[in-house]
Amino acid sequence: MTAANPFTTRDVDAIDQALHLADHAVAALVDEAMLTPKPGLVDLRGAGAHHDLSWPLMCASACALRSAFAQMALAGSRIADDDDLLRRRIGAIGRDAEATMMAASGGINTHRGAIWALGLLVTAAAATGPDVVRIAARAGRLARIGDPGAPASTGHKGERACIEHGVGGARGQARAGFPHVVGHALPMLKLARARGDAEHHARVNALLAVMATLDDTCLLARGGKKALAAAQDGARRVLAAGGIATPNGRRAFGVLEARLKRMHVSPGGAADLLAAALLLDRIERGVAVPATTMELD
Ligand SMILES: CC(C)(COP(=O)(O)OP(=O)(O)OC[C@H]1O[C@@H](n2cnc3c(N)ncnc32)[C@H](O)[C@@H]1O)[C@@H](O)C(=O)NCCC(=O)NCCS
Ligand SMILES: Nc1ncnc2c1ncn2[C@@H]1O[C@H](COP(=O)(O)OP(=O)(O)OP(=O)(O)O)[C@@H](O)[C@H]1O
């Protein structure tokens with residue numbers, strides 16, 4: 001006699017979908033980490049303005065987060081009619097994911113902002129289907145719900161920068177429904193591809209489109225308003241010169257990179273939002289999940 005299978009076809013479909021979304025999230029983070037060149041950020045050339053990060057560490061951290069992203073996506077499809085409960089559930093998974101990240105990275109903040117942004121987006125995508133505008137709007141609705149399980153203050157540098165400079169930071173971006181992902185990164189990705197930029201150039205241009213106006217607390221916390229202005233102004237100049245694929249754009253990119261290096265600052269928030277855009281782009285285009293990420297666990 002065989003034991004009855006306790007899972008319905010719907011359960012199995014939800015688990016498959018959750019793993020698929022988690023694979024997309026990990027792939028998007030790996031693509032972001034390896035994208036080269038990025039100003040001030042970890043890329044294949046080195047650690048940028050960071051002394052404690054490297055691309056293999058970023059990739060290991062991304063891979064360690066697969067299970068957390070899958071749990072969030074599963075919660076997103078299972079808890080479809082109680083957003084307060086769903087918010088509490090993904091808050092708890094998110095805090096566990098931050099602990100997992102710290103264990104995988106040896107105590108370095110590799111992906112705190114990314115867990116927050118991509119976590120909300122995979123949760124939302126599990127219930128909405130592949131329409132990126134609907135995904136971002138639902139993620140925004142979830143981010144606007146208070147989480148009674150969250151500490152009143154994280155004490156992180158980003159939080160202090162938000163208070164000191166009166167900006168919304170990672171929370172504000174999510175609560176507004178990820179305007180820099182939907183309204184800046186994704187349109188630039190499409191525009192750059194359409195005019196014939198190579199894929200890596202299109203992605204760098206998407207990062208620059210985010211940097212040009214984002215209130216990035218990584219920059220504010222380390223270098224204050226001066227660093228934020230340097231990053232925004234530098235990114236705008238590269239785009240105005242035609243983007244990274246053009247000779248003038250590459251020259252402007254070199255100037256931006258040298259300035260950020262001198263100031264020891266990096267646009268970590270913009271990098272997280274590029275990863276968020278790459279995730280939504282994968283979902284929208286129905287990209288096949290590469291075998292390497294399928295075999296991570
Ligand atoms: C809200 C978060 C980011 C904590 O905020 P905190 O004020 O502590 O910010 P902190 O500076 O530590 O992290 C912010 C990170 O976001 C990124 N970031 C910075 N600026 C921005 C910006 N403008 N937009 C988006 N991301 C940004 C950076 O990578 C930065 O490292 C998050 O860690 C959190 O609350 N987690 C709890 C778990 C949870 O609720 N999860 C929900 C589902 S994922
Ligand atoms: N390629 C990348 N290179 C560097 N940072 C990145 C990259 N991609 C994303 N980031 C983001 O930048 C953030 C790192 O910022 P930062 O170095 O200011 O953190 P931190 O100093 O450890 O912050 P805290 O003191 O608040 O813990 C990470 O949360 C990560 O999400």
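This one's a predicted model, so the numbers in the text were calculated from it and none came from an experiment. As the structure lists them, so they are numbered: ligands from 1, and atoms in each ligand from 1.
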Checklist line | Those atoms of ligand 1 less than 4.0 Å from some heavy atom in Ile115 | finding: 44 (S)
Margin query: For His111, state whether at least one heavy atom is located under 4.0 Å from any atom of ligand 1.
Written below: no
Notebook entry, point to check: Has Leu142 got any heavy atom lying under 4.0 angstrom from an atom of ligand 1?
Noted result: no
Check: For ligand 1, which atoms sit closer than 4.0 Å to a heavy atom of Thr154?
Finding: 6 (P), 7 (O), 8 (O)
Next item on the list: Using a strict 4.0 Å cut-off to heavy atoms of Glu98, name the atoms of ligand 1 that fall inside it.
Entry: 32 (C), 33 (O), 34 (C), 36 (N)
Next item on the list: Have a look at Ala62, Cys218, Ser54, Gly113 and point out the one with the heavy atom closest to atom 15 (O) of ligand 2.
Entry: Cys218
Notebook entry, point to check: Looking only at distance, does Arg171 have an N or O less than 3.5 Å from an N or O of ligand 1?
Noted result: yes
Note to self: Does the residue His180 have a heavy-atom contact with ligand 1, meaning some pair of atoms that are separated by less than 4.0 Å?
What the structure shows: no
Notebook entry, point to check: Where does the angle between the aromatic ring planes of His180 and His184 fall among parallel (under 30°), tilted (30 to 60°) and perpendicular (over 60°)?
Noted result: parallel
Next item on the list: Considering the heavy atoms of Arg87, write down every atom of ligand 1 situated less than 4.0 Å from one of them.
Entry: 40 (O), 42 (C)
Next item on the list: May I ask you to list the atoms of ligand 1 that are less than 4.0 angstrom from any heavy atom of Arg112?
Entry: 12 (O), 13 (O), 33 (O)
Next item on the list: Mark up the atoms of ligand 1 that fall under 4.0 Å of a heavy atom belonging to Gly158, in ascending order.
Entry: 11 (O)
Margin query: Below 4.0 Å from ligand 1: does a non-hydrogen atom of Cys218 turn up there or not?
Written below: yes
Next item on the list: Would you check the N or O atoms of Asp272, main chain and side chain alike, for any that come under 3.5 Å of an N or O of ligand 1?
Entry: yes
